[in-house]
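I have placed the structure first, in the form of structure tokens, so that the comments after it can refer back to it.
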Amino acid sequence: MRLSKYYIPTLKEDPADAEVMSHKLLMRAGMIRKLTSGIYTYLPTALRAINKVANIVREEMERAGAIEISMPMVQPADLWQETGRWGYYGRELLRMKDRHNREYCLGPTHEEVITDLLRGEIRSYKQLPLNLYQIQTKFRDEVRPRFGLMRGREFIMKDAYSFDADEAGAEMSYEAMYQAYSKAFERIGLSFRAVQADSGAIGGDFSHEFMVLAETGEDTIAVCEDVACGFAANLEKAKVASQPVDLKSETNIPEFSSVSTPGAHSVEEVCALLSAKASELIKTLLFSVDGEAVAALVRGDRELNEVKLRNLLGGNSIEMASPEQVIEWTGAPVGFAGPVGLQVKHIFADNELGYDRAWITGANTCDTHLKNVHLGRDVQIEQFADLRTIAQDDPCPQCGRAVHFTKGIEVGHVFKLGTKYSHAMNATFLDENGKEKTMIMGCYGIGISRIVAAAIEQNNDEQGAVFPPSIAPFEVCLIALGAKDEAVSIVAEDVYQKLLQLGIDVLYDDRKERPGVKFADADLAGWPMQLVLGSKGLANGIIEAKNRKTGQRVDLELSDFIKVFSKWHQDVWNVWGLDL
RNA sequence: CGGGGCAUGGCGCAGUCUGGAAGCGCGCCUGCUUUGGGAGCAGGAUGCCGGGAGUUCAAAUCUCUCUGCCCCGACCA
């Protein structure tokens, strides 16, 4: 491609509304433009990167036995009503009506459509297993779109759905997708981790997220320091190593008594006032579950994990109690709730809270706390459970060594659905005994457009983006310098043709621009390889090659260009840990 | 959905408090010079100051209202 005839509208300044690096660079490198909140046009170079990502994913899907289809974006409401998600999915689902006043939505995901398709087609176990996928634009009406392509409302996703006759088959399908995802992200050249993820009400450990490691990631993941152990989990999922609650120990704890704690709403304030450690306090957190009060107790220095609490309650939606509800339920403003004498539907306590200690808790009276509270004697705990969020340096739930935190961007999610949708939509088949059975499903998503943003988020410097060669819009940028030296453009043209013959994606910067402009644009766009031809080099029979990632420059002999270029090409991919 | 902020040539911004000629930088067009890290000089084009209503002799500026966008907290590829 000749840049003089191409379209890459670069910007010198950061756009005012871009916050994260990938958004700024995608805008500045002339890859995307915003139409409206969370909705972007992919300009030529973004589209090329997206297509490269899609092709790698497509190859790995096909290799794993998945088959590509394309389903409609517009989906009828009645399918969603059948699974109950028309109501459950909420405002994120963009709804609309046609001229006959029939209701539709724009597809945020396709479980309903695919299940509807196959329940009409699959009659026999002989037709299973089946794994169908598509790569398509999805629409989710996010409450707050942000960060450019990282969290758009419209985005490109690969979604696959597997259908199996039995559990063993479903697990194999899941495993095949897990492997295919790992392979795809490796081939793209991303530094990533597969982590255990929350699987909500369905339960089990059959859900993994694929996280691109980047400081600006929105998710936090807990990773075991022992690489051999390999434990990695989303923070909301990570189990805390179970510590048996000592339910027997009855130490000589005196009767509990009130202490005045005027104005001390927070753990820190109470600690300061009573000269206590946060770990000697119990935080009593109140939640509203279908309008009823539920209390969850965690140690003062810990964070409650709402996902764990929700799962304990069977996956119902829970809401933090409003200040008004706290007053209604405890008789005191926020900051003074405690379990003693508390009248609520459930009182749950984190495993870490034992019977062997005297605790400080709120007194359900304004400006008052209790000390010497004994959980067995003074409070009826309905259930002890793993309720808190794992902390930095906690023991790994798998091996006991320490866990560390890192940030990640979720780019893929594999999920074993079981019969959630097939049961609701009656997708059945006859097994070898002629018995009717429900298909077992899995679903597997990859954020194609998000990967492009994540790749930039993970690879950039002061000059701009640094694309992995696997997905760079162009692998090589050929820069011809010396407008007054005609020999340069003749040789540059020859090099350009040779690169095309090698099948390289090459962008030839043949613009009548000053060198500085060309260098700056090339660095900004992040082409993995730059070839610079000027009068000086030409006089010495060489073309200068720059590896964008390492900044390393080498001279390539023009007399043997194809050979020396091919070797350097290989080297650049090797630096990324990629195979050509 | 709650809290905060912004809206002025293509982009980034000043001007708004205190009403009185619509400005700056970058980009764009023309010409000359320049050409190994975002050039210099000269000339030029480009604005419903987000929309509507109001106050006033007079509104980018004050009031009301609508819309759009961004940022901070609960969901997801």
Side-chain angles (χ1 to χ4, degrees), chain A residues 9-20 23-24 27-28 30 33-39 53 57 88-93 108-110 135-160 181 185 197-198 200 207 209-212 218-219 234 236 287 306-307 310 317-320 322 408-415 443-454 462-464 479-485 488 511-524 530 532-538 544 546 553:
Chain A
T10 56
L11 302 174
K12 275 193 177 178
E13 288 171 283
D14 284 338
D17 56 7
E19 197 74 10
V20 298
H23 188 192
K24 287 178 186 173
M27 291 287 296
R28 286 192 53 205
R33 289 293 182 265
K34 184 171 70 185
L35 176 64
T36 184
S37 182
I39 300 181
V53 172
V57 170
Y88 183 81
Y89 215 92
R91 307 129 305 270
E92 228 175 86
L93 192 63
T109 178
H110 280 66
I135 295 174
Q136 184 204 45
T137 297
K138 293 278 185 283
F139 195 94
R140 292 185 189 175
D141 200 358
E142 293 277 350
V143 184
R144 191 152 89 80
R146 59 189 141 165
F147 305 153
L149 295 192
M150 294 264 277
R151 179 176 298 273
R153 291 195 291 171
E154 208 179 277
F155 58 98
I156 299 173
M157 176 167 132
K158 187 284 308 176
D159 47 326
Y181 275 39
F185 295 129
D198 177 48
S207 179
E209 289 167 339
F210 287 79
M211 296 282 188
V212 168
E218 290 187 89
D219 290 283
N234 194 311
E236 65 179 25
F287 289 85
E306 285 192 33
V307 172
R310 191 180 67 211
S317 71
I318 60 173
E319 268 180 85
M320 195 95 189
S322 66
I409 301 163
E410 185 186 354
V411 291
H413 199 163
V414 291
F415 206 109
C443 72
Y444 319 92
I446 291 182
I448 301 285
S449 45
R450 182 183 277 182
I451 284 175
V452 175
E462 297 73 31
Q463 325 310 324
I479 298 173
L481 303 178
K484 63 185 173 192
D485 188 350
V488 170
R511 293 176 300 171
K512 291 182 179 28
E513 287 287 353
R514 295 167 58 82
V517 174
K518 295 188 177 189
F519 293 141
D521 275 349
D523 285 345
L524 175 63
Q530 293 175 18
V532 180
L533 186 66
S535 308
K536 292 173 200 161
L538 186 56
E544 196 177 306
K546 178 177 148 188
R553 291 159 203 269

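First the proteins, then the strands, lettered A, B, ... as listed; each starts at 1.
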Rounded interatomic separation in angstrom, taking [atom1] from [X] and [atom2] from [N]:
X: A:Asp17; N: B:rG12; atom1: CG; atom2: P; answer: 7 Å
X: A:Ile409; N: B:rC76; atom1: CD1; atom2: C1'; answer: 14 Å
X: A:Glu13; N: B:rC13; atom1: CD; atom2: P; answer: 8 Å

request  = For A:Phe155 and B:rA77, say yes or no: do the ring centres fall under 5.5 Å of each other while the ring planes differ by less than 30°?
outcome  =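 Yes; by the centre-distance and plane-angle rule, A:Phe155 counts as stacking on B:rA77.
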Are [X] and [Y] ion-paired here, with the side-chain N under 4.0 Å from a carboxylate O?
X: A:Glu142; Y: A:Arg151; answer: yes
X: A:Asp141; Y: A:Arg91; answer: no
X: A:Glu544; Y: A:Arg553; answer: yes

Using a heavy-atom cut-off of 4.0 Å across all strands, would you classify [X] as base, sugar-phosphate, or nothing?
X: A:Gly152; answer: base
X: A:Glu142; answer: base
X: A:Gly534; answer: base
X: A:Arg91; answer: nothing
X: A:Arg28; answer: base
X: A:Arg511; answer: nothing
X: A:Thr109; answer: nothing

Both distances below 3.5 Å, Watson-Crick or wobble geometry, any strand: find the nucleotide opposite [N].
N: B:rG2; value: B:rC72
N: B:rC62; value: B:rG54
N: B:rC32; value: B:rG40
N: B:rG25; value: B:rC11

Distance below 4.0 Å between [X] side-chain N/O and [N] OP1 or OP2:
X: A:Ser37; N: B:rC70; answer: yes
X: A:Lys512; N: B:rU35; answer: no
X: A:Arg140; N: B:rC75; answer: no
X: A:Lys138; N: B:rA77; answer: no
X: A:Arg144; N: B:rC71; answer: yes
X: A:Ser535; N: B:rG36; answer: no
X: A:Arg153; N: B:rC76; answer: no

ask   = Expressed in whole Å, how much space separates the C1' atoms belonging to B:rA21 and B:rC28?
value =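 Their C1' atoms lie roughly 26 Å apart.
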request  = Could you check A:Val143 against A:Met157 and say which one's nearest nucleotide on RNA chain B is further toward the 5' end?
outcome  =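 Nearest-nucleotide comparison on RNA chain B picks A:Val143.
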